[in-house]
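Worksheet for the structure shown next.
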Amino acid sequence: MKKLTLFISILLVPFFTSAQCAMCKAVVEGGNETMAEGVNNGITYLMVIPYILVGGLFYLLYWYKKKQSI
């Protein structure tokens, strides 16, 4: 049952995420180059911050486990 739920969830993800891309595309097409650059910078900012936080968390866990094993 869990595998079926996961499979259906994976199939439905593109339907939910495509609406956001259309909205961003409409904003960029209606503006100038500066606005498009701002949208791209915002997307990069929103994408990078969670990776940095998760990476820092894993580093702290690694450091803590290494410290305990000594």
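Position 1 is the first residue of the sequence; numbering continues from there.
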### Query
In the hydrophobic clustering that connects Ile, Leu, Val, Met, Phe, Trp and Tyr at side-chain heavy-atom distances below 4.5 Å, which members other than Y51 occupy its cluster, ordered by chain and number?
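Hydrophobic cluster check, Y51: joined to M47, V48, I52.
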
Which pairs would a plain distance check flag for residues 53-66, meaning a side-chain donor or acceptor within less than 3.5 Å of a matching protein atom at least two apart in sequence or in another chain?
from	atom 1	to	atom 2	distance (Å)
Y64	OH	Q68	NE2	2.7

### Task
State which residue, out of N41, I49, I43, fulfils the side-chain contact (heavy atoms from CB on, under 4.5 Å) condition with Y45.
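Of the listed residues N41, I49, I43, the side-chain contact (heavy atoms from CB on, under 4.5 Å) partner of Y45 is I49.
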
